[in-house]
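Whatever order the structure lists ligands and atoms in, that order sets their numbers, starting from 1.
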Amino acid sequence: MAREIYLDNSATTRCFPEVVALMDRIYLEEYGNPSSLHHKGVEAEREIRSAKEILADILKCSPRNLYFTSCGTESDNISLIGGALANQRDGKHIITTKIEHPAILETCKYLASQGFEITYLPVDADGLVSPEDVKNAVREDTILVSVMHTNNEIGALEPIAEIGKAIKEKNPKTLFHVDAVQGFGKSLIHPKQMKIDLLSASGHKIHAPKGVGLLYIGDGVRVRNILFGGGQQNGMRSGTENVAGIAGMALAAKMLYDHLDEEMDRLYEMKQRFIDQATKIDGVHVNGKTGRDSAPHVISLSIEGVRAEVLLHALEEKNIYVSAGSACSSNRPHISETLLAIGTPKEYLDSTLRFSTSVMNTDEDMDDAAAALAELLPFLRKYTRQ
Ligand code: PLP
């Protein structure tokens, strides 16, 4: 069997071994409940405090702004539902975009069923939201705007700082939520400076485990808790904290941010190297922007004459793992909202693959994946026509 080439890092990542070692120690030695008053509890609580300090340093905020959840989806849900419930006296209008992850789009559908009015902003052919459009859409009764930092399907980098400025110029009371699940660990994100009130991130996208998410809530931002129970985390998120996961997420984030510039340079080079080789093959097109105007780790290719799922499994035979469209939501076949929103031709909707890298990938991975595409495509296209 060929060596494994994992290019589905936007779906999830492999844990850093250092993270696993730290979690192992916490599971086996510092296994106390952080709410317990005895020494084992204090030890666990110290791990959480130290994780908060590391993450606060990265986000340039205070540790008191940070809450831990179970995943990016939960952070998105608390931000939108909790933000909407706490601010509904000021209005019931919410703005988001057509290319958000289902964690946002489905939550908006729920809020619409509860009487909130949702505006879905369009994007251009590269998946970008216009700050001007945001400004025009914000009204007196707009309580929340939610825009993703990095699109998970085509790697569009949204102009978050400009959008933050546009919102606050039009209505300083409107909250700004950013789903940074794909951007955290790859970009410098400073909520205060970007006028972000609420921010979501997720552990398993940054070489930490599944089951831990991060939520930033700015000072003075009103959010109602949506979980009820023991009152942990100032009542904002009841439930015993995932101490090992939290510590693991902080360590993974520190490892990424300590070498961010050089590692992101390397990812951009790998991305370009792969695109150069893949687009030499007939009928292979890149979706969205490339280079520094795009995410370093997401490459979306539309491939003429072959169904994505067929190609995905043919690559799998070679021990190469990729996604069809955005397979990070579920394994139900669905039409990608992002591809529709950027005006992808109908014939490509079902023949688009996402290759997503991480700091664990190498040039050799990209060369081998591109070579596999070049080898498989003529064969699969002939087979598809029969
Ligand atoms: N938001 C975006 C942009 C994502 O890509 C994902 C996961 O793929 C999520 C939210 C959900 O994160 P989680 O899997 O941690 O719930």
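Considering only residues two or more places apart in sequence or on other chains, Tyr257 meets the ring-ring contact (aromatic ring centres under 6.0 Å, His included) condition with Phe184. Not counting sequence neighbours, the partners of Tyr348 by the ring-ring contact (aromatic ring centres under 6.0 Å, His included) test are His285.
Neither the backbone nor the side chain of Ile104 comes within contact range of ligand 1; no heavy atom lies under 4.0 Å. Residue-level proximity to ligand 1 for Asp179 is carried by the side chain, the only part with a heavy atom below 4.0 angstrom. Counting heavy atoms closer than 4.0 Å to ligand 1, residue Cys71 contributes atoms from both its backbone and its side chain.
Interatomic distance, Asp197 CG to Phe176 CZ, rounded to the nearest 0.5 Å: 8.5 Å.
Of the options Met148, His204, Lys205, the smallest heavy-atom separation from atom 7 (C) of ligand 1 is shown by Lys205.
With Ser294 contributing its side chain and Gly291 its backbone, the two residues share a donor-acceptor pair below 3.5 Å.
Under the 4.5 Å side-chain criterion, counting only non-hydrogen atoms from C-beta, Cys61 is in contact with Leu66.
Residue Gly72 places at least one N or O, backbone or side chain, under 3.5 Å from an N or O of ligand 1.
If you number the atoms of ligand 1 from 1 as listed, the ones under 4.0 Å from a heavy atom of Asn152 come out as 3 (C), 5 (O).
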